[in-house]
Each structure stands twice: as C-alpha cells, then as structure tokens.
Amino acid sequence: MKGSMLIDGQRVDFNGEKHILEVIRKAGIDLPTFCYHSELSIYGACRMCMVEDKWGGIMASCSTVPKDGMEIYTNTQKLKKHRKMILELILANHDRDCTVCEKTGRCILQELAIRFGIKKVRFDKDEKELPVDNSSVSIVRNPNKCILCGDCVRMCNEVQGVGALDFAYRGAKMQVTTAFNRPISNVNCVNCGQCRTVCPTGALVIKRDIDNAWEVLNDKNKFVIAQIAPAVRVAIGEEFGLEPGSVTMGKIVAALRRMGFNQVYDTSMAADLTVMEESREFAGCLQKGERLPLFTSCCPAWFKYAEQKFPELMEQVSTCLSPQQMFGAVIKEHFKTDREAEGRETVVISIMPCTAKKYEAARPENRNSGTRDVDMVITTQELAMMIKENGIMFNELEEEAVDMPFGLSSGAGVLFGASGGVAEAVLRHLCSDKTIGSLKNLAFAGTRGMEGVKEAEIELDGRKVTIAVVHGLKNAEALVKMIKAGEKQYDFVEVMACPGGCIGGAGQPVPQSAHIKKQRTKGIYNADSGSTIKRSEENPTIIALYEGILKDKHELLHRHELNKES
Amino acid sequence: MKVNNIEQFEKVAVAARKALENQEKRVFVCCGTGCVAAGSFGIYEELKRLVAEKGLLVDVVLEAEEKGIGIKKSGCQGLCQLGPLVRVEPFDYQYFRVDKQDCVEIIEKTLLQNQPVERLMYQSGSRVCHTPVEIPFYSEQTRLVLGQCGQIDCENIMEYIAKGGYTAAGKALLQMTPEQICDEISKSNLRGRGGGGYPAGRKWSQVLAQNSEVKYVVCNGDEGDPGAFMDGSVMDGNPHSVLEGMIIAGYACKASEGYIYVRAEYPLSVARLQLAVEQAREIGLLGENILGSGFSFDIKINKGAGAFVCGESSALTQSIEGERGMPRVKPPRTVEQGLWGKPTMLNNVETFANVPHIILKGAQWYRSIGPENSPGTKAFAITGNVNNTGLIEVPMGTLLKEVIFDIGGGINDGKKFKAVQIGGPSGGCLTETHMELPLDFDSLKKVGAMIGSGGLVVMDEDTCMVEVARFFMNFTQKESCGKCVPCREGTKRMLEILEGIVAGKGSLEDLDMLEELADTISSTALCGLGKTAPSPVISTLKYFRDEYLAHVVQKKCPTRNCKSLSSFVINEALCKGCSKCAKACPATAITGKVKEAFVINNRKCIKCGACVEACPFSAVEEV
Amino acid sequence: MLDKSKYPEVDGILAGYAYNRSALIAMLQEIQSAYNYLPEEVLEHISTEIDIPLSKIFSVATFYENFSLEPKGKYIIKICDGTACHVKKSIPILDTIKKELGLNSSKHTTDDFLFTLETVSCLGACGLAPVILVNGKVYAKMTPESALAVIKEIKENESK
Ligand SMILES: Cc1cc2nc3c(=O)[nH]c(=O)nc-3n(C[C@H](O)[C@H](O)[C@H](O)COP(=O)(O)O)c2cc1C
Ligand code: SF4
Ligand code: SF4
Ligand code: SF4
Ligand code: SF4
Ligand code: SF4
Ligand code: SF4
Ligand code: SF4
Ligand code: SF4
Ligand code: FES
Ligand code: FES
Ligand code: FES
C-alpha cells in the first residue's frame, strides 16, 4: 500500500511499510518498543509503541496498518503518561540492580527509564525471587529481569525452530522458561544464543568468562594463546563507535598482546585446514556416491540440533572438527614438548562471535592429551568489555600482525564468517580451474547473500554438483525435511545456525539489524579481497602442517566415537 | 435414515409431527444444569419407569403408530431456583420443586386423570398458578431464542424437526443465495450477543467477501462471565437451533467446517451438542450435499480447558489450534485471518440461535421486536439477591426495573435494592438512578456499562461495593492471559490497592492511583479483557465513592462486610460474665472474671465473629 | 522412554487424534481424565510422538486452569465463586472446607490424596447459588454446614 500520512504534523510518504511504526521511524522519530523486531512476528505486548489518532483513539503502532490520509501523534501528554505508567509497572516488578547488571549500558529498559525520567516507582516490589539459571556454559537466564516481551520465545521458535524457551503459566504468574523449569543446559537448547541478541534486558545474557580469562592471563605458569575467529574482526569495532563491517584485525591483535596473551593467531588458518579435510571427505563421498548430501559440521549449534532432532542424519554430517577445535588440537600438539620442557601449561583462548563455541569447547570429546583443546571461549562482546576494562583505547591502537609459525591464512578461511563461506571455500579448493575468473564465478554462484536458503550448481570435473546453503535452524529444519521427503536433492549442504552466519553470532555486539549484518558480511568479503592467498591449499602454514605434525596425526582433525553411549 | 432432498425432509417432518401427536401427553423434566443439580435425572428415570410399567410410554420415533405418553428431558425451564421443574403438555401445568416421591401422584392425577397437582404449583399470593403464563416471571418475558428451550426434548432431533426445526436451513440452502442471506441478516440488524454488539450481517458479508477456498464458522460458547448461563442453557436446551444457525452461516459465507467452542464447565452442553451433531449427521443435515443443495458442512466440538480469556475471538481460535489462548493483535481481524489463518465467521451462541427465526420470519418481523438500533430479544441470567433467580428473555430495551422487579420479583428478604452488575467482570454497575434505563446496547453504553453476555447480578443493601470491585478485579487479574504489560501488571496493582482498602490500609492517594491505573489499562491493553477490566472499579468509584471514602478515611465498612474494618466489643451492660465467648474465641482475645463483664483485646482479635455467635445474651457487638 | 505399563492408554489417545498437533488440548484433557493429572513422562512422550517442543506442551498445560501437573485427590471439590455464588456467600463455605481438610491457599490436596479443593467461576447453576461440585456432581444451595455434611459422608463411605 502506498500513500502519505501526517505524523506529528509532518507529512510522510509510505510505500509498502507493513505497520505505522516503520513509517514513524522513517520519519526520524525513535518510538520506544520492547517487543518489536523486524525479523520476528508481531506480538504487540509491551504497549510502549502506542500512538494517538486525531480523534484521540489510541493504538499500537507496531500492529496498525498505514492508511492514506492518517493523522498520527506520537508524543501527546496522554501517551507520555501511559508510557511512563507502563514503564513504572515493569520496573516495579524488576530487579533494579543496574550497577551490577551484565546488561547495564546496553539495556533498553534502562535506557527508556532514563529517557522518560522515571524517578520513582510507586509500587512495592514483588517478594518472590526466582532462581537464576547458570547451568548453561553459553547463556545465563535471570527470570527476575524478564519483562515478558516474548522476543526470545519468538526467536527460539520462529527463527531457530528449537523451542527451548516458551511462556509458562499465565497472568501475573506468567514466566518465560524451559519445559518444567529444567535447567537450560538440560533441555534442547542448542546454545546459539540468538535469544539473547533480542532480549532487551539483562534477563538473557552471555555467560561471562572474562574473570577466568584474567586469571590465566595473570598466571605466570600459563602460556596463553589466542585464536581470533573471522567474524570478530568485522564487528568488534561497533563497540568502539566504528562502522559495522570495519575490519579491525590488526587492532584486536594489538589489544590482545597488551592484555597479556603470549601468542595471537587467526582461526582462519584452521579454517583452511577444515577446507582441506572437508573437501577431501566430500570428494570421497561424491566419488563413492554415498553420505550425500554431506552436511557441514563447523557450527556447534547446528551440530547439537542435528544430534537431537535428526540422529539418523549424523552419518551424513562431516566428521571434520570445526576450525576452533582443529586449531586447539593442533596448537596443543605442536607446543606440547616446548611447554613440557618449560613446565608451563598451554592455554588456548578463542575469541569467537559465538556463544555455542563455549559449549563446543566444553564437549567431552573435544579433548586430546588430557585437557580441553580449547580452554576458554571469549565472545566479541566480552573481548570489548575486557579492552574497556583495561582502559585500552581501541581506536588509537596501531595495527599489529599475528604471530608465527601459524600466522598465515587464506581469504577462503576468512569467508567462514559469513553464511555461504564454508561452501565457497570448499568449492575454491575443489574447482580445478584456478584462475581469477573462476574465483569470480564462484562468488556469483549463489552461495552469498542474505536469503535463508540459497542454492548453487557447480561443475566439478565434469560432474554437476548441487549445493544448498542455509542459515537459521528453522530454515535448516525445513530443508532437511524436504531432503528426507525426497523433494530436494543436494550433494553438499552448509548449515549455520545464526541468521547471516557467524557475523550474526550471539557473541557479537547488539543490536544486529539486517543492515548491520549486511555491513559485517561486506567486511568479510573485503577481508578476502585484501588477502594475497585466496585458496586454502595455497596457505604455506597448512602445507607445512601436513608435512609436519599432521603427517601421521590426521585423527586430530576429525571427530570419532560419536555418541557411543546412545 | 438419511434425507437427500427437501421432499424427503418434508416427509420426515410430517412423520415426526405425527409421532409427536401420538404422544397425547408429554412430560418435560427440566434437565438444565440447575435442575440436574437438584436431582432431575432421578425424576426423569422414575417417571419413565412408572409410565413404562403402565405400558403407556412412547417415544418420538418415525413410523411409530401407537399412542401414549412421552417423558422427555428438556433444557432449562427458567425458574431454576425452584427446581426441579416439570411441565406437562397439553395442559401446560408447571410443577416446581418436584421430588422423586411426587412422581406417582403426577402420574395418577395429571397423566391419568388430567388433574393438576396444585401443591406443586406456583403460589402467587393466594392464587395458584397452573401454567407459566399465569406466573409473572414468565408472563413478562418474550421467549424467542429460549422459546423452545424447556419446551422440547433436547436430546431428540425428531422433536426439533416436528416443531419446525431445520426448515429455515432448508429455505436458506435451497431458495436463497449466500448474498441474499447476508443481506437479510444485515437488514434484520441482528447484533452480536457475545457482548460487543457488532452487526452480524456486516460480519457475514465481510467473510463472504473474502477470497479464500477455506473458511470457517466458529460458535463462541465459552460464556466465561461468572454469573451468566444463557448460552449454556441454549446449548443444552436446544442444541439444534445453534447447529441450524451455523449451517445457515456456513452456507452464507461459503465455509464448509464449523467449530463450537464450549467452556469446560459445561459438560452437559458438550454432551448434548455432541449428540445433536451425531443425529444431524445421521439424517444428513450435516455432511455432504445437505438436502441436495450441493452445500456440504460439518461441525466439530471443542472443549475449553479453563480460561476466561478464551472467549476473546483470537484467543479462542488459538485455543482451537491447540495453543495458549493468548489474544493476538488486530489487524488482521478474525474475518480476514481467524482459525488457521483463514477467514472466520465467529459468533456467539445466542447470535446463531436467532438466525433460523430471522430466515423464516424475515428481517421485517425481527425488527418489530425491540428498539430500532438493537432489535430482537436478549436472554439474561438474573441472579443474586433477587426473589426469582433464573433464565429470562425479554425484548431489547426492556427497562431495568421491569426486569428486576416485575420478572425478578424484587429483592429477597425484604431488603433494599442497591445495585446490579451487568456484563460481568467487564461491565459496570447500575443503581437506583438507572431504574428507567432501557436495556439495549446503546443505552447501556451511554452510562458506561455494557450488556456483555447478559449476566445480571442483583445486589442488596448489605453488599459492600468496594468488596464487589475487589471481587471482579480478582477475577480479571486471575484470568488475564499475561501477555500485555498494562493488563498483567496493572490489574495486579489495582487488585493490590483494593485489597489494601478492604483490609483497612487504604488512603486517599490510593483512589487517585486506582483511577490513574484504570486510565492506562483501559487505553492501552491489547484485548477486551484488559480494556474493560477496570470498569467495575470505575463504575463503583463513580456511584459509590462515599463508600470508598468511608473505607479509606473513616476506616469503616458501611455494610460491615469488610471484617478487617470492624471490631468487636462487649457491651458491659449486657454481659453477664458467663465466659462462653472466651471459650469460643480461637485467638484467646477475650479475658475476664466470671460474673463480671468480659473484655476483648482488639490486638489479638482475628475478627472471626465466634464470640458473637457464642454469647447467649447478645452482648458482643460488631462496630 | 515411557513406561507403558504405567500409562497404557496414552498411545491410544494420541492415535485417536491421528497424532495431530492441533488436538493437543483435547489429548491433554483425555490424558488428564485417564490419570487424573498430566504426568511429566507422558508429556515427554507426546512431545516426541507429535513433534511439538516439550516447552510448548508445558506452556499450554500451565496456561489452562483445568490442567494439573500434580496428582490430584480422589474427590475433587470445586467451590463455585462466580458472581452469583459469591454474593450468596460462597467464601465462608470455602473457608470452612479448607479448615476441615487442613488445606490453604498453597496446599490444595490432602496428604492422603482423598480430596483436592479448587474454586471455579460459575458452573451455570447460578439460580441455585451457592453451589459446589464434587467429582462433577453439583450440590446446590450450600451452606458451610451442608458442605461439611457432604464431606463427612464421603469420608464415611471411604472408610467403609
Ligand atoms: C475477555 C473476553 C471474553 C469474551 N467472552 C465471550 C464469551 O464468553 N462468549 C462470547 O460469545 N463472546 C465473548 N467475547 C466476545 C467475543 O470476542 C466476540 O466478540 C463474540 O463472540 C463475537 O460474537 P457476536 O458478534 O455474535 O457477539 C469475549 C470477549 C473478550 C474480550
Ligand atoms: S536489566 Fe536493565 S534495567 Fe534491569 S537491572 Fe539490568 S540494566 Fe538495569
Ligand atoms: S547512578 Fe546513582 S545509584 Fe547509580 S551508581 Fe551512580 S550514584 Fe549510584
Ligand atoms: S540459545 Fe538458541 S536454542 Fe537456546 S534458548 Fe536461546 S535461541 Fe533457543
Ligand atoms: S528473557 Fe528477555 S527477550 Fe525473553 S521475554 Fe524476557 S525480557 Fe523478553
Ligand atoms: S552460526 Fe556461527 S556464530 Fe552462530 S552458532 Fe553457528 S558457529 Fe556460532
Ligand atoms: S489485555 Fe490482558 S488478557 Fe488481553 S492480551 Fe493483554 S494481558 Fe492478555
Ligand atoms: S471475633 Fe473471634 S477472635 Fe475476635 S474476640 Fe471474638 S472470638 Fe475472639
Ligand atoms: S458470652 Fe456474652 S455474656 Fe458471656 S461473658 Fe461473653 S459477652 Fe459476656
Ligand atoms: S512494540 Fe508495539 S506493543 Fe510492543
Ligand atoms: S435448569 Fe431447570 S429451570 Fe433452569
Ligand atoms: S456463579 Fe456459581 S454457578 Fe454461576
């Protein structure tokens, strides 16, 4: 629908906007909302977005369709009064311990309370304290801070199709919780953390590993190695006021060194290893015509989802470890003798865009040589906090290069940060045509972009290979069901749990609008363009590794003994 | 046996009429919820057994030739309070408070000798009323929707057909187009009886206009208003009238599936509807190609699971889909995207039950009943402190005083009228000053009340209006789905304040806060439950502000309902020092020496009132 | 895994609704009437059988008043506290029964699982207010005394 309307006396045209809230925002008015997210369904529960029409009628703008000739007021005295009352009602029932809240400074409730000048809450606080759920290694749920906006529920159900969280009870007793209030580590939650990216308050936050990190960084007996995932470099800048998509790898390296890391590497190097291994596996499958389609395994949220929901499919999920785990396994193996000689312990800390990586690193099978291959995972957002805590002026830092001997990586490895990246990197490797033109063709083959499901068809050595790239687990579920029903046929399927891939991971700065995700994705492709090595197999580090420690230790890179107990 | 066209149907109707006539006497045992509670099933069985013993029992079944007596279960006959009721045709004798022991006499006297059993009849002063028309409670009513409720066997489709049932459906399906039906309903100006009063014809036309292969008809039988049971009575008293209305509706909007959502507390309604649906299917009035019209329609019955909010249309459709009954934002409206996202015609039970009448007798006739803007009749459940409690039906626009005094028989125990709550927890109260108010959608809206579902709860002078407000707020608060902030958090706070006031902890600021909260909740809540939740508070604050003030300023409850605000003292002059009160007191708050006046320690007293009961000399007084 | 010997009827109930997820409420109603509450184990079984997240079943089960996740007593007493019954003094009846059975606002079932006490809003018998319901049977025009008599009778029958 097209037309124009008057918003606070200002004429605004609209064209296809579904709700007047969007038109109002287009007009430059930041109407407060808790329960509206453009990627989720309309819920209409917070009632903060109310506007008034010229007859004094009050309506929720997030759920009112624009009509030509409408006359809308967004800030009448009446509306302000109601908004303040609603805020006061929410705050009355809320743990208002902002100074010690994980969310402080990024909390929408706090921001609106400040904006509307709420100076007093005239109601008594409810006595009941609900237990905080600390059970997950990825996220923490504090129901006492939940304002029941339902954003997480819709995210977990509509986008991820997991349904670990839902409403329970009703009326004033309503809660957002797990089935039978079980600890979230004990239900089907896949640790993707997407719920926390939309939570407006401190009710869902990332599990904090900062303090543990400081501890090992200050321990003389520990040799601390960092690996930085591709997606981190295009997002962390947002925490320091930079544009989304700005590539800040060099600054991150510099910051980590100042914080006390002994060595700093790029996970993209391990991604190159993954490409090599997965390509070999895929080529084998193609040749034998078995285990097709082969599903990627590098997203731990997808991996857990598949284990739970489609156990019969696990056979077809690549046996390759994710880059993070390959890195950990290889690094620990490599430094084993040196460290033993020094009497120091190697500690690998990953800097990840991802909350599920915390879970992946903690999985019991991801241990070689007696300890965890990756000892700790710090998300992008946590890293930003650590940088701020130490007073490091991030924007002023001179860029620094990563360490050697594992310092080289290819552009293909960096691609892992965006949806479609794994598939494209594998194709780069498998494609026998190694010209620039072929790189360009692959870039346009269909694996890039923001659509939930992407399809590509490629000629590999005279055989047509069909590929699907999917992000968002709900999309993945639908795709798998179609594949199982025989409605779709593919040879290779890349699955990333987070919308947009890892650049949209739950460890990244929030908010994560579609626009911001696009910018970050652009950053990933820019980083690839700027790299001199394009293909994984051209990476000298990888070549050296295959000739060195990996020569007879291939098993370091693959999962074995899957779920033997069940 | 199945009817495949109208000729076959008419043959069945003729046969059914004949079978009915073969029952020279017909006994209707009221088996509405109230009378069942009073033991009417036992009476039914007993009568049946006794008549069968005499070899006189016959049923309304086709091809039956012998004549005899029919014993039937009917729906609510109206004056539930005097149940169990039994009515005998053709004399129309109406018996009240019938007991199993009375059955023999009814058979001997009435069925065999055509004589009334006067001791079971209604006494109006010295006059014995033989038939309902002689009883003021009935004579002042106009029974249309409830017309056959109590008059026919509610478990036998043949009887409904014998009395003209399903001819409206026949007419609609075979002689009218969907457009014509929508048009006729529009012209009749039938307004939704579920509370909102939205014109049914407009809704039907909107659904008809939707371009969709699949559409649904939904009948709202959730009737959550605590104190109303009209819809329940229609569903268990005349279930086929609801089915017929729905079939016509389905044809009118081109839907092929209907759902009836019945609240779980009405097991009788569920059972009778289920039976009615089966019988209608069997005879071919539901199913494929009804009466050879080419139109197919079937009905499913869903049982609620205990949530008032499921009466709200979008919550109701959610519930049918197996979800939490949380209302969703509109648009899209139910007519566009209702059940399973398809266009849905959702109406109230009583609305549907009006439809066959309109189709048969025409919009013109319908509009001759009641006022221009709210034509037709309205069923009310009149309860509370009134002499005649029960189910009534009057033309829209009947004056409040006629309902309460002429039909309801005035306040019981000679008490004074104080207020009547109309529209349940979403409605408001009407007072003495509203006696001349016509009961119709618009007049009530003008005074800030609403007809709602039609519950009328009459309250006498002993009722504390602050406590009434607290009661309703407690209800809505408990029934809030919890989705939107103003309703979930706001009603909780309003309740908290009201609880404080009746506990003697209120202040003047509390009254302002109540009004402030009421304003935000009613302006911003997502659905009707929240929007109307403050109504009882607002209307009692408006009409009974002095009672609120007495609670918060003088800390007194004028009607002495709020125990926390009263205290007990022993009148020294009357006390004989017998110590009975002290023994009765659970809080050991009373001390004294035998034969001297005892005293109550008000700090310890928990206001249980036991001492008042215990004192043989009425020396303990509540102040 | 569901212990089928403890819950023999479950699969039959699900099959009766063709494992259709939209019949969830009806399924839960049947489960509840078979076992008198909704056993956690059974809900888990339903979750896998009809492919609905367990959290959703929990969500629905806790929304509706009539579902119980805890076993109830053999006799379920419902005191009507609808408007009509309320103005006809239903609360004293409630209080009396509570006291008699040793129940309170957080404890609804007696330790011997003989009685569960609940309130309900209107049973559609308002004309006979105040009413109570015991296992589906309506008792009309109650007083605290007559309600106690009903309970006494049940107790006597049970101890026979
Ligand atoms: C909280 C709430 C409860 C309602 N309960 C009922 C009900 O029990 N029965 C009913 O027919 N309508 C009820 N309604 C009104 C319905 O939403 C709807 O308007 C009505 O069923 C439409 O039918 P009608 O147009 O025939 O009245 C309720 C509305 C709200 C907001
Ligand atoms: S969630 Fe927000 S408002 Fe609540 S304590 Fe944390 S920062 Fe403050
Ligand atoms: S804002 Fe006020 S309350 Fe908060 S930390 Fe500062 S001084 Fe303390
Ligand atoms: S982390 Fe992911 S799966 Fe777990 S509750 Fe949040 S959204 Fe759902
Ligand atoms: S946990 Fe957060 S996102 Fe979820 S409902 Fe509560 S406040 Fe909203
Ligand atoms: S898509 Fe990336 S960020 Fe998201 S869960 Fe998977 S690995 Fe983590
Ligand atoms: S107004 Fe109340 S019942 Fe309606 S949606 Fe909001 S919380 Fe639910
Ligand atoms: S009212 Fe009850 S507690 Fe108070 S003195 Fe009398 S018996 Fe004792
Ligand atoms: S029972 Fe009455 S007369 Fe006896 S001591 Fe108490 S107040 Fe006095
Ligand atoms: S944003 Fe509109 S109600 Fe929450
Ligand atoms: S139930 Fe028998 S008269 Fe109402
Ligand atoms: S209020 Fe109790 S039966 Fe209606």
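Values in this document were obtained by computation on a predicted structure and should not be read as measured data. Just so we're on the same page: letters track the sequence lines, and every chain starts at 1.
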task: Could you grab the distance from atom NZ of B:K555 to atom NZ of B:K505, nearest 0.5 Å is fine?
output: 10.0 Å
How about [X] and [Y]: does a side-chain donor come under 3.5 Å of a side-chain acceptor?
X      : Y      : value
B:E321 : B:S319 : no
B:D222 : B:N220 : no
B:R493 : A:N93  : no
A:H82  : B:T520 : yes

Pairs involving residues 54-64 of chain A, ordered by first then second residue, that meet salt bridge (charged side-chain N to carboxylate O under 4.0 Å, His left out) (sequence neighbours left out): A:K54-A:E71
task: Would you mind checking which part of A:L79 comes under 4.5 Å of any heavy atom in chain B, side chain (CB onward), backbone (N, CA, C, O), both or neither?
output: neither
message: If I measure from the heavy atoms of chain B, does A:A60 come under 4.5 Å with its side chain, its backbone, both, or neither?
response: neither
task: Give the C-alpha distance, both sets of side-chain angles, the deciding distance and a yes or no for salt bridge (Lys or Arg N to Asp or Glu O under 4.0 Å) between A:K78 and B:D519.
output: CA-CA 10 Å; A:K78 205 155 85 180; B:D519 183 23; over 6 Å; no
query: Looking at A:M59, A:R122, A:K81, which one has more heavy-atom pairs under 4.5 Å with chain B than the rest?
result: A:R122
- request: Would you check if the side chain of A:K26 reaches a backbone N or O of A:D13 as a donor-acceptor pair within less than 3.5 Å?
  value: yes
task: Would you check if the side chain of B:R470 reaches a backbone N or O of B:I497 as a donor-acceptor pair within less than 3.5 Å?
output: no
message: So if I take each residue of residues 107-120 of chain A and look for any heavy atom under 4.5 Å from a heavy atom in chain B, which residues do I end up with?
response: none
Residues in residues 33-44 of chain A that sit under 4.5 Å from chain B, counting heavy atoms only: A:I42, A:Y43, A:G44
task: Starting from the C-alpha separation in whole Å, work towards a yes-or-no answer on salt bridge (Lys or Arg N to Asp or Glu O under 4.0 Å) for A:D151 and A:R196.
output: CA-CA 9 Å; A:D151 294 347; A:R196 91 96 205 170; over 6 Å; no
- prompt: Should we count NZ of A:K309 as having more than 12 external heavy atoms under 6.0 Å?
  reply: yes
So for [X], is it side chain, backbone, both, or neither that comes closer than 4.5 Å to the heavy atoms of chain A?
X      : value
B:E479 : both
B:R328 : neither
B:A307 : both
B:L517 : both

Salt bridge (charged side-chain N to carboxylate O under 4.0 Å, His left out) against B:K445, all qualifying residues, sequence neighbours excluded: none
- request: With B:R545 as the cation and B:Y548 as the aromatic partner, state whether NZ or CZ is under 6.0 Å from the six-membered ring centre and within 45° of the axis.
  value: no
statement: Counting heavy-atom pairs under 4.5 Å with chain A, the top scorer among B:Q477, B:E489, B:K483 is B:K483
